[in-house]
**Q** 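Before we start, here is the structure in question, set down as structure tokens.
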There are 2 protein chains.
Amino acid sequence: MATTQPAAVDRPPTIHDIAALCGVAASTVSRALSTPDRVNIRTRQRIEAAAAQLNYIPNSQAKALSSGRTGAVGVLVPDITNPFYFDLIRGTQLQLKAAGYTQLLVDTEESDEVEASTMEQLRKSADGIVVAASRLSDDALLAAAAKMPMVTVNRDVPGVPAVLIDTPSATSQALDHLVSLGHKRIAYIAGPATSQSSTRRWTALSEAAKERGVEVRRLGPFAPKTQSGAAAADAAVHSGVTACIAFNDLIAIGMLQRLRERGIRVPQDMSIVGCDDIFGADFCNPPLTTMASPIEQAGRVAVSMLLAQLNPLAGGGTRSRSVMPTHLTVRGSTGPAPTPAAPGLGTQ
Amino acid sequence: MATTQPAAVDRPPTIHDIAALCGVAASTVSRALSTPDRVNIRTRQRIEAAAAQLNYIPNSQAKALSSGRTGAVGVLVPDITNPFYFDLIRGTQLQLKAAGYTQLLVDTEESDEVEASTMEQLRKSADGIVVAASRLSDDALLAAAAKMPMVTVNRDVPGVPAVLIDTPSATSQALDHLVSLGHKRIAYIAGPATSQSSTRRWTALSEAAKERGVEVRRLGPFAPKTQSGAAAADAAVHSGVTACIAFNDLIAIGMLQRLRERGIRVPQDMSIVGCDDIFGADFCNPPLTTMASPIEQAGRVAVSMLLAQLNPLAGGGTRSRSVMPTHLTVRGSTGPAPTPAAPGLGTQ
DNA sequence: TCTGGTATGACAACCGGTTGCCAAACTTTG
DNA sequence: CAAAGTTTGGCAACCGGTTGTCATACCAGA
């Protein structure tokens, strides 16, 4: 009769069961488990043994309620089915799990309203949030960040910690690549009007174009989906450019499909550059030249920054801004500019 | 001085704030909000007005603690980055949100241990779980289902409610398609050994093959990733078959890439059929013939079944099994069998 | 041996709701 | 008009932990 087996009731064990088993107070059990130094090592070991024996699992709800911390982090993405976010999500998930946090993933459906209401909701049930490609205004985002710890991804608002993917500089690399292939008339296929990264990229691109003395025009905006690629392709053909830099790979892949349908050869008649190097960019037809960056790592960094904000323990200042490098991955969708006499472009 | 503004403290409002504002007890507020019939309509309206004025949001942690229900549902997938799950996740997310539930998405990393520990963890923080393509044994799954409401996807265990995707019948359609194209020697590229759907599909396929008098051999197992496609392609070529039915599109796409590298033409030298019709299947090179099914709908159905289980209110018996239809989508990766004299296959 | 300091563990309040029970108030009925 | 029934709302316990406060016990130093 060494152990006073509490009849193994169906209900999962609580600290009170452990306390009863060890003959100590529940608070002592709580301390033994969360503030080990605060308790005699022998008592602690007894408690730990009892906890193991009962297969004790702390109730996160109760812990959250009393301590104020939920152990959960919200991750908001505009569209779960966009492959770009897969790697990001995987990165956040890995890093969160490693730190013992739970990930609350929400698809905000590209809607600022859903995004705002989700944040309000999460304010109680999460310790912080990672917001990818927010559709909110700067002010709204700043206000939300004041209410709960937040890290944005691909959204630069002063005062809000952010992980930025350096697509503007990659865009310049893409331009150089196209220029070196002889392209003179180039289009930027813009993303959603509310996308800040599209705007930033266009700014960088038009400046770089000016320096290099080539003409870059902006087409769009287009929704970041493959379906939008058809309209983008038609617009590009109509505008008489010989190369396009697309907002993202989804649009670029959609363009490839449309151009193929129309009998316009890529890259002979038209070169296409995508962005993000998503799943599929390497096996579409032709394989897509695109701007790649370590997205999974971006997710991990975002979480690290958030957790540093949540647990401002030792260590120096919290980074409030992190820029992920980007590079151009050249594949089959870009090639030499067609010679002026070349047939095929529907322009006059 | 109509309202006694409680100085708008920083802390978010609780039912006690509302109670004070209305001059009633906290319990009355609780009832007014959750059991409206239990409270006088005038009182209720006053409370509702006060709640709106204070912008009250109930604390889900506290609610969960006292009521025992968390309002959250766990969704377990083996690999978030597998595009197959995107649509599933989106389906569950939509249906859950519509019902006012929160989705807890977890990537179990194709590991039965992670899966089991996640379930244990979720037992406290979720009301139920949806488990896609479980890697657990039947017994373990059954035991877990006894402890918390569960619906599986693509996993058939007696006693556990499930949404099944009818790939076995689609596999027969695929076989018919290949047979009608003249293929006689066909390979099934198997998925992970622990995948029940791979096993079920193989069973259906070998039976159908017997009926039709064609030879189908099994190759594998292979991990469900594009990288595995190379080995699968090599094995298929070596085995001398003229057509392959792959466990899923990831493997199939990987095979397409490898065959291209090796100069083996698809579909002239080898036909390939995938499964799932994932993102990318339509734009790979050549576009993939594949078995398609309404995955998003599968996610919705799974959630509906789970919620019916959680709230066994009115309405007839809870469905415990739902089969999603599947059909073959023919694209460019399948074609007539090569004539016996045709060159190209590295077999003797 | 007495005093001050530290280690240890118990008590109880608290987090923000839910819910069983009961009493007051109101309504209906004989 | 009184008795019985029905609303309505308050009290308090409870969910499962956390944490501030305090008493006891143990230790070393004087």
Side-chain angles (χ1 to χ4, degrees), chain A residues 6 9-48 50-51 54-72 100 102 121 123-127 311, chain B residues 6 9-48 50-51 54-72 100 121 123-127:
Chain A
V9 287
D10 198 358
R11 165 183 56 77
T14 71
I15 53 170
H16 297 95
D17 298 325
I18 300 179
L21 192 57
C22 296
V24 299
S27 57
T28 304
V29 176
S30 173
R31 287 209 173 80
L33 265 30
S34 54
T35 329
D37 298 337
R38 190 69 180 61
V39 114
N40 185 301
I41 184 153
R42 296 228 309 281
T43 315
R44 196 214 313 176
Q45 285 171 345
R46 257 170 53 221
I47 290 175
E48 284 169 349
L54 293 179
N55 195 15
Y56 169 74
I57 297 175
N59 181 319
S60 54
Q61 315 289 338
K63 189 174 294 194
L65 185 56
S66 54
S67 68
R69 269 173 292 168
T70 64
T102 302
Q121 169 87 11
R123 200 174 147 196
K124 298 285 183 53
S125 47
D127 295 342
N311 313 312
Chain B
V9 286
D10 198 357
R11 165 183 57 78
T14 72
I15 54 170
H16 298 95
D17 298 325
I18 300 178
L21 192 56
C22 296
V24 298
S27 56
T28 304
V29 177
S30 173
R31 287 203 179 84
L33 266 30
S34 54
T35 328
D37 297 337
R38 190 69 179 60
V39 113
N40 186 301
I41 185 152
R42 296 228 308 281
T43 316
R44 193 213 317 174
Q45 285 170 347
R46 257 169 53 217
I47 291 174
E48 284 169 350
L54 292 179
N55 195 16
Y56 168 74
I57 297 175
N59 181 319
S60 54
Q61 316 290 337
K63 189 174 294 196
L65 184 56
S66 54
S67 69
R69 268 174 291 169
T70 63
Q121 170 87 10
R123 200 174 146 196
K124 298 285 183 50
S125 47
D127 295 341

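Proteins come first, then strands; the chains are lettered A, B, ... in the order of their sequence lines, and each starts at number 1.
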**Q** Looking at A:K124 and B:I57, would you say the former's side chain and the latter's main chain have a donor-acceptor pair under 3.5 Å?
**A**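 Pair found, side chain donor or acceptor close to backbone of B:I57.
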**Q** Quick one, give me the B/S/- string for nucleotides 11-19 of chain D, reading 5' to 3', where B means a protein heavy atom under 4.0 Å from the base and S means that only happens at the primed atoms, P, OP1 or OP2.
**A** BB--BBBBB
**Q** Calculate the interatomic distance between B:I41 atom CD1 and D:dT8 atom P; express it in whole Å.
**A**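 After rounding, the gap between these two atoms is 10 Å.
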**Q** When you measure from the side chain of B:D127 to the backbone of B:R69, do you find a donor-acceptor pair of N or O atoms at a distance under 3.5 Å?
**A**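 No: the side chain of B:D127 does not pair with the backbone of B:R69.
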**Q** Check the phosphate of C:dT8 against A:N40, side-chain N and O only, distance under 4.0 Å to OP1 or OP2. Yes or no?
**A**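 For C:dT8, OP1/OP2 do have a side-chain N/O of A:N40 under 4.0 Å.
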**Q** Tell me the closest heavy-atom pair linking B:I18 and B:Y56, and the distance in Å.
**A**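 Residues B:I18 and B:Y56, closest heavy atoms: CD1-CG, 3.6 Å.
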**Q** Using modelled atom types and a 3.5 Å cut-off, is there a donor and acceptor pairing between side-chain atoms of B:R46 and backbone atoms of B:C22?
**A**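 Yes.
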**Q** As an exercise, state the distance from CG of B:N59 to OG1 of A:T70, rounded to the nearest 0.5 Å.
**A**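 Here the interatomic distance stands at 10.0 Å.
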**Q** When the distance from CZ of B:R38 to P of D:dG9 is rounded to whole Å, what number comes out?
**A**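 In whole Å, D:dG9 P and B:R38 CZ are 9 Å from each other.
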**Q** Under a 3.5 Å distance rule, please check whether B:T43 uses its side chain to pair with a backbone N or O of B:V39 as donor and acceptor.
**A**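 Side chain of B:T43 to backbone of B:V39, a donor-acceptor pair under 3.5 Å: no, none is there.
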**Q** Starting at atom CG of B:D37, determine the distance to atom P of D:dT7, rounded to an integer number of angstrom.
**A**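 The answer, rounded to whole Å, is 11 Å.
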**Q** Measure from CZ on B:R42 to P on D:dG9 and round the result to the nearest Å.
**A**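 Whole-Å distance recorded here is 9 Å.
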